[in-house]
Amino acid sequence: MVEKRKPIPVGEAVRKVMEYARPGLKEMVPLECAYGRFLAEDLAADHEVPSFDRSPYDGFAIRAEDTLQASSENPATFEVVGVIGAGSVFTETVGPYQAVRIMTGAQIPQDCDAVVMLELTNERRDHKKTYIEIKRMFKKGDNISFQGEDVRKGEILAKRGTYISPGITALLATFGYNEVPVAKKPVIGVLATGSELLDVNEPLEAGKIRNSNAYMILSQIQRAGGEPVYFGKLNDDLESCISAVANALSKVDMLITTGGVSVGDFDYLPAIYEHLGASVLFNKVAMRPGSVTTVARYEHKLLFGLSGNPSACYVGFELFVHPAVRTYSFNDKPHLLKEEAILEEDFPKPNPFTRFVRANLSYFDGRLIVKPSGFDKSSAVSSLAEANALIVLPGGTRGYAKGMTVDVLLLEDNRGSEWPWENIVPSYK
Ligand SMILES: Nc1nc2c(c(=O)[nH]1)N[C@H]1C(S)=C(S)[C@@H](COP(=O)(O)OP(=O)(O)OC[C@H]3O[C@@H](n4cnc5c(N)ncnc54)[C@H](O)[C@@H]3O)O[C@H]1N2
Ligand code: MOO
Ligand SMILES: [Mg+2]
């Protein structure tokens with residue numbers, strides 16, 4: 001008699017995984033390698049930005065009080081007493097009706113308190129001296145980029161666990177991080193199981209298919225922020241699978257297998273977990289695809305037994321592995337970000353289990369719209385190509401019509417969410 005598995009709700013399954021998901025270690029990387037990593041420490045400003053008052057224009061630094069009477073009929077004349085480019089500092093005195101020619105980014109001379117744009121001045125030379133005329137009044141502080149106007153000293157600019165975007169990289173450089181403390185990437189092993197699997201370079205033969213899951217998971221690991229290690233594919237042979245899983249497990253922080261988790265004669269993962277003494281957290285989830293997704297724990301390592309069916313495997317990764325990778329990376333919003341979008345076409349299938357439809361999310365008329373990205377079966381591979389979101393259709397619903405609002409989980413976003421599993425609305429009808 002086949003073992004009867006009891007499906008648990010998705011949120012409960014994710015919660016069980018998160019009980020064992022742990023933050024990882026810190027490492028230092030050169031700034032030019034920090035993009036796409038996660039900060040291992042808060043990024044705090046240890047100085048103000050800018051760190052000195054500077055000119056936002058090419059022009060002339062002056063004393064504003066000298067322009068009080070200036071008008072087009074009665075221009076004020078200034079003697080130009082120096083020239084400074086960005087990077088240079090003018091240390092001499094600037095007296096009444098004197099000006100310093102200044103370039104964008106240069107420090108404002110100590111006696112000056114306003115800048116006049118080059119275009120607003122008339123220049124003339126007289127007896128080897130240069131003069132400018134100014135035809136209007138300027139106030140103290142006009143056209144000055146003030147010290148600290150961008151960043152105040154002591155501000156926390158990005159928290160530990162933040163995804164390092166190009167903008168964060170600019171801040172890291174601004175604050176002198178030649179080396180950046182980042183989360184070490186979790187090393188995640190991948191093993192594909194199935195006697196039907198061909199290598200990618202092999203010609204098709206009767207009854208066999210090419211192993212696509214392994215490569216899909218290697219990419220998903222990288223997208224989530226992990227370091228994938230591919231341990232190859234295995235035939236459905238219990239002995240060799242046990243030793244391959246044990247060997248791989250000894251070399252990684254987490255291990256992903258695909259296939260062999262259901263109830264078929266050659267679905268060996270349950271027996272492998274038992275043989276290793278790994279404790280199974282769950283082996284059936286009330287979701288489609290991916291109902292057979294199994295997660296086990298061996299010592300402090302998680303073993304993700306993802307389904308062999310490509311769409312089920314893909315979804316299992318995003319719901320269960322992704323948050324474990326982000327937690328390892330110190331991120332406190334480890335789950336996929338949930339949004340609401342308008343369904344662009346009917347989805348008439350009833351949903352006994354919560355369904356995750358691979359979908360394409362875009363914008364139209366200022367609103368988020370979403371449509372299934374293709375053939376919707378657990379075995380489908382074609383619908384994965386255009387998928388950048390998963391539509392979440394809760395269990396117990398009877399199908400959805402174009403125009404309805406649905407929940408979607410975003411796959412290409414790096415903000416994440418703390419917990420998307422509350423308030424999934426069954427129907428917005
Ligand atoms: N009697 C039952 N049969 C099945 C059940 C069930 O509850 N009772 N569940 C079905 C569901 S749902 C799924 S999903 C699959 C899951 O099967 P496994 O995870 O055990 O995976 P396999 O049997 O090894 O393979 C399933 C399918 O996927 C193809 N596959 C496997 N590996 C790869 C790969 N690396 N790349 C591409 N495709 C792969 C494989 O050839 C099979 O077609 O079980 C149902 N059956
Ligand atoms: O686990 Mo299967 O993918 O539910 O369809
Ligand atoms: Mg099977």
Side-chain angles (χ1 to χ4, degrees), residues 1-10 13 189-202 204-221 228 230-238 240-241 244-245 248 255-273 280 282-296 303-321 349-358 372 375-385 387 390 392-395:
M1 179 62 191
V2 176
E3 157 215 7
K4 185 106 180 89
R5 298 184 185 181
K6 187 178 168 338
I8 61 169
V10 187
V190 177
L191 262 173
T193 72
S195 300
E196 73 278 33
L197 300 179
L198 295 167
D199 272 325
V200 175
N201 58 359
E202 290 184 280
L204 285 181
E205 50 182 281
K208 307 248 177 180
I209 59 166
R210 293 202 183 94
N211 167 20
S212 58
N213 287 352
Y215 299 93
M216 175 181 80
I217 297 170
L218 296 177
S219 321
Q220 287 177 289
I221 291 172
Y230 182 38
F231 288 94
K233 64 178 181 63
L234 299 167
N235 285 330
D236 294 315
D237 168 66
L238 183 58
S240 56
C241 285
V245 168
L255 182 66
I256 300 174
T257 55
T258 89
V261 276
S262 186
V263 293
D265 290 353
F266 310 106
D267 288 336
Y268 287 135
L269 263 297
I272 295 169
Y273 296 139
V280 172
F282 54 84
N283 61 11
K284 189 93 179 168
V285 188
M287 63 188 248
R288 275 274 141 78
S291 59
V292 297
T293 306
T294 300
V295 178
L303 287 87
F304 296 94
L306 302 184
S307 166
N309 271 327
S311 280
C313 182
Y314 185 93
V315 169
F317 181 98
E318 296 300 335
L319 302 192
F320 302 110
V321 189
K349 265 193 208 174
N351 305 294
F353 280 176
T354 299
R355 192 182 289 281
F356 295 90
V357 185
R358 282 73 62 213
F375 183 55
D376 189 69
K377 262 193 180 178
S378 172
S379 55
V381 69
S382 58
S383 57
L384 299 173
L390 300 172
V392 188
L393 304 178

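First listed ligand is number 1; within each ligand, the first listed atom is number 1. Bear in mind that the values here come from a model prediction, so they are computed numbers and not experimental data.
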For [atom], which protein heavy atom lies nearest, and how many Å away is it?
atom                    : result
atom 42 (C) of ligand 1 : E196 OE2, 4.1 Å
atom 1 (N) of ligand 1  : V263 CG2, 3.6 Å
atom 24 (O) of ligand 1 : G260 N, 3.0 Å
atom 38 (N) of ligand 1 : I209 CD1, 3.2 Å
atom 33 (C) of ligand 1 : N213 ND2, 3.3 Å
atom 11 (C) of ligand 1 : V292 CG1, 4.1 Å
atom 39 (C) of ligand 1 : G308 O, 3.2 Å
atom 7 (O) of ligand 1  : K284 NZ, 3.5 Å

Interfacing atoms of ligand 1 (cut-off 4.0 Å, heavy-atom, [X]):
X    : value
N211 : 34 (C), 35 (N), 36 (N)
L197 : 32 (N), 33 (C), 34 (C), 35 (N)
V261 : 18 (P), 19 (O), 20 (O)

Does T294 use its side chain to pair, donor to acceptor, with the backbone of V292 at less than 3.5 Å? yes
Is it true that a side-chain atom of T258 and a backbone atom of A192 form a donor plus acceptor pair closer than 3.5 Å? no
Option with minimal heavy-atom separation from [atom], where the choices are [options]:
atom                    : options                : answer
atom 36 (N) of ligand 1 : S291, S212, S195       : S212
atom 13 (C) of ligand 1 : D236, N309, V381       : N309
atom 5 (C) of ligand 1  : G194, S378, S262, S307 : S262

[atom1]/[X] to [atom2]/[Y] distance, rounded to the nearest 0.5 angstrom?
X    : Y    : atom1 : atom2 : value
N213 : L306 : CG    : CG    : 8.5 Å
I8   : K284 : CD1   : NZ    : 12.0 Å
E318 : R358 : CD    : CZ    : 12.0 Å
N235 : Y268 : CG    : OH    : 11.0 Å
N309 : R288 : CG    : CZ    : 10.0 Å
L197 : I209 : CG    : CD1   : 5.5 Å

Short N or O distance, A312 and ligand 1, threshold 3.5 Å exclusive: no
Listed protein N/O/S atoms, distance to the Mg ion (ligand 3) under 2.8 Å: D267 OD1, D267 OD2
Check for me whether the distance between the ring centres of F304 and F317 falls short of 6.0 Å. no
Taking any residue with a non-hydrogen atom under 4.0 angstrom from an atom of ligand 2, which ones do you get? M287, R288, P289, G290, S291, V292, A312, S378
Within the 4.5 Å heavy-atom criterion, are V321 and Q220 side-chain neighbours or not? no
Heavy atoms, side chains only, cut-off 4.5 Å: are V245 and L303 in contact? yes
Logged contact type for L269 with ligand 1, heavy-atom cut-off 4.0 Å, is neither
Check [X] against [Y] and note the closest heavy-atom contact, atom names and distance.
X    : Y    : result
A214 : Y230 : CB-CE1, 3.5 Å
S291 : M287 : CB-O, 3.3 Å
L255 : A248 : CD1-CB, 3.7 Å

Side chain to side chain contact (heavy atoms under 4.5 Å, CB included) assessment of V392 paired with T354: CA-CA 7 Å; V392 188; T354 299; 3.9 Å; yes
Residues passing the ring pair (Phe, Tyr, Trp, His ring centres under 6.0 Å) test with F375, sequence neighbours excluded, are none
Mind checking what makes side chain to side chain donor-acceptor pair (under 3.5 Å) contact with R210, not counting sequence neighbours? none
